[in-house]
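To start, the structure itself, in structure tokens.
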Amino acid sequence: MTVARLLGIPASPGVAIGRVFPVDRRRARVPRFHIAPEQVDSEIARLDTAVKDSVEQLRAIRESLGEGEQGDILDAHRMMADDPTVVEGARQLVREELLNAEWAVRRTFREASEKLGNEGYLAERRADIDEVSDRIIHNLVGEQPTKTVMPAEDAIIVTYDLPTAEAAILLSGGKVKGLVTDFGSKTSHTAILARALEVPAVVGAGQASELCREGDLIALDGNTGEVLLSPTEEEIIRFEAARAEAKFREASLLSERDLPATTQDGRRVGIWANIEFPEEIPSVLAHGGEGVGLYRTEFLYLNREELPTEEEHFRAYASILQMMGDRPVVIRTLDLGGDKLPIGHRSHEPNPALGLRAIRFTLRHPQLFRTQIRAMWRASTRGRLRIMLPMIAAVGELREAKAQILAIRQELIREGVHVAERIPVGIMLETPAAALSADRLARECDFFSIGTNDLIQYSLAIDRANRDVAYLYRPLHLGVLRLIQSAVEGARSCGIEIAMCGEMAGDPAYALVLLALGIDVFSMNPADIPPVKRVVRSASLRDARELLEAAMSFTSVDEIERFVLTEMRRRFPQLVAEPRGREDGKTVAEAVQEVDEHAIAVPGTGTDTP
Ligand code: PEP
Ligand code: MG
């Protein structure tokens, strides 16, 4: 067996050693050719067998699941696979247009799917249709259809890519020890989720999924991005030593968790946490989080088929507020769309990151917004709740959302429900337009939080989920720093607080730059709190300002990055990592190394979706 070392993007800290659990989420490859007229009968027989096999597989999986919503989805898939109109449509294409069976299946199912349209929840049934046609095509070409089984203990998921909703299910069971993906980047939601659930992860690792088989031994280091396929005993010892060292470092940092994040010269900043699930609150408190700076409520929607009820929203919010006591809790209204879609749904928008996501989606579906806001008002007396609106790009969106929030309060008062006098309403600055007009937006809201994951995506025109452009994702780009500066100035002009809850806030390497830029609250994944707090407590604002001024005198992002990282590594050698892999601009080919004699080719650049 080939021993291979891959270098991907470190996405969630920690070392994991376990057995490969492959998860194949790629669309089926569709061979397309015309058959000879005399092949029609055998082609139709092939088609019928693949349909029958698909129905049988779905029946078997369904039986293994028992009662519940997952079973219902499988029943629906089985009926789609067996739908006489669709199957007959495919047969007709084979007979009349002499298409091979795979092509005929893809075309008939695609036509059925297009009839559902492009918008709203109904359109999302299209993802089910795609999944069913993929299954039949997989059976035709003799590939294993998508697995739906849950991983065994000690599994390390190895996959081309993992949709966020499936990651939510697979990673939250507590069985998975690690995650390796060929695709993806550090700020994709799957990576964010892995960090939240403390599952070590390496993303964008090239061809990992093609180089290993189920059950192979695999080791990964989520701090360095290193992945070893079939490691030797010495390598395992090295990984275990790294794991022990990381644990030791963590324990030493945790001893300061309850101390304030105040610089040597007296600048106090808030260190808050980002969460996806209420179950993370104990971890927030254990790591010294002083508040929740971002609760991504869309995760209430992701691992299920039906919409969460007002009661479910209420229970989640009330429990977080209660556990956080008098600490502030920022609840973000749902940010669906982009790479966050409910289980089994694929976006059918041509460009989801620029599509109907976040506040745009909510304003288009006022009923969803209403359910969520009603629950927030009901929970508003339980603690220090704040509402945050995602991806506001224009003041009109803010006004419309605020008007609805106030109208819903009146509605509850009429119903005799006890609600708070007011809830502070803030916005996320995630588009360059918002950052540049922050002075005006600040007049109409109570606080800002900069979402650098999206702000960088939109200002540098880089898809945050795309490994191939991940090396261009540079938080220290002069353009990004100037947008942050503009956002801070806007906040200051109206005296409102400005936080940052993008991943940039949780990286100790950027802490002095952000301190000098004037960020009041740093909100991050709970596990990132101790190192960032250590940097703030060891630093002086004066030194941070000098560092920023010198950094911003350079022109290229390479120069700024080199300068800041060198300075930060000099000050905090234990906390600031060497840049690695594509994060430092290397190509995948440069980053991939092999230990054995087998060469590892440069990965392809996209999916094989037809
Ligand atoms: C961001 O964009 O920086 C952010 C915090 O929001 P999300 O990652 O959920 O898009
Ligand atoms: Mg965002």
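All residue numbers in this chain count up from 1 along the given sequence. Numbering of ligands and ligand atoms starts at 1, following listing order.
- Ring-plane geometry between F277 and F299 is classed as perpendicular, the angle between the planes exceeding 60 degrees on a 0 to 90 degree scale with a lower cut at 30.
- Contacts between E503 and ligand 1 below 4.0 angstrom, taking non-hydrogen atoms only, are absent altogether.
- Atom CZ of R364 and atom CZ of F369 lie 15.5 Å apart (nearest 0.5 Å).
- In this structure, the side chains of M388 and M428 come closer than 4.5 Å at one or more pairs of heavy atoms.
- Of the inter-residue distances, the one linking F447 atom CZ with D520 atom CG reads 12.5 Å to the nearest 0.5 angstrom.
- Side chains of T452 and E503: no donor on one and acceptor on the other come within 3.5 Å.
- Ligand-side atoms of ligand 1 in range of L294: 5 (C), range being under 4.0 angstrom from any heavy atom.
- Near R296, meaning under 4.0 Å from any of its heavy atoms, are these atoms of ligand 1: 4 (C), 5 (C), 6 (O), 7 (P), 8 (O), 9 (O).
- For the 3.5 Å distance criterion, the side chains of D161 and T181 fail to qualify, holding no donor opposite an acceptor.
- Among protein heavy atoms, the minimum distance from atom 7 (P) of ligand 1 is reached at H189 NE2, 3.3 Å.
- In terms of protein heavy-atom proximity, atom 6 (O) of ligand 1 is nearest to R332 NH1, 3.0 Å.
- Any N or O atom pair closer than 3.5 Å counts here, and E430 shares at least one such pair with ligand 1.
- Side chain to side chain, E312 and T309 meet the donor-acceptor criterion of an N or O pair below 3.5 Å.
- When non-hydrogen atoms are compared, ligand 1 lies under 4.0 Å from the side chain of R357 (C-beta onward) but not from its backbone.
- Taking the N/O/S atoms of D454 in turn, the shortest distance to the Mg ion (ligand 2) belongs to OD2.
- Residue E298 places no N or O, backbone or side chain, under 3.5 Å from any N or O of ligand 1.
- Here E430 meets the criterion, with an N, O or S atom under 2.8 Å of the Mg ion (ligand 2).
- We find the CD1-CD1 distance between I484 and I519 to be 6.0 Å, quoted to the nearest 0.5 Å.
- Neither the backbone nor the side chain of L455 comes within contact range of ligand 1; no heavy atom lies under 4.0 Å.
- Counting the atoms of ligand 1 from 1 in the order shown, those under 4.0 Å from a heavy atom of C501 are 5 (C).
- Per-residue contacts place M428 under 4.0 angstrom from the following atoms of ligand 1 (heavy atoms of the residue considered): 4 (C), 5 (C), 6 (O).
- Not a single heavy atom of M391 sits closer than 4.0 Å to an atom of ligand 1.
- Ligand-side atoms of ligand 1 in range of G451: 1 (C), 2 (O), 3 (O), range being under 4.0 angstrom from any heavy atom.
- Counting heavy atoms closer than 4.0 Å to ligand 1, residue N274 contributes nothing at all.
- At most 12 heavy atoms of other shown residues, nucleotides or ligands fall within 6.0 angstrom of atom CZ in R440.
- Each of the following atoms of ligand 1 lies closer than 4.0 Å to a heavy atom of R464: 2 (O), 7 (P), 8 (O), 10 (O).
- Going from atom CG of L483 over to atom NE2 of H477 covers 10.0 Å, rounded to the nearest 0.5 Å.
- Under 3.5 Å, the side chains of S493 and D439 contain no donor-acceptor pair of N or O atoms.
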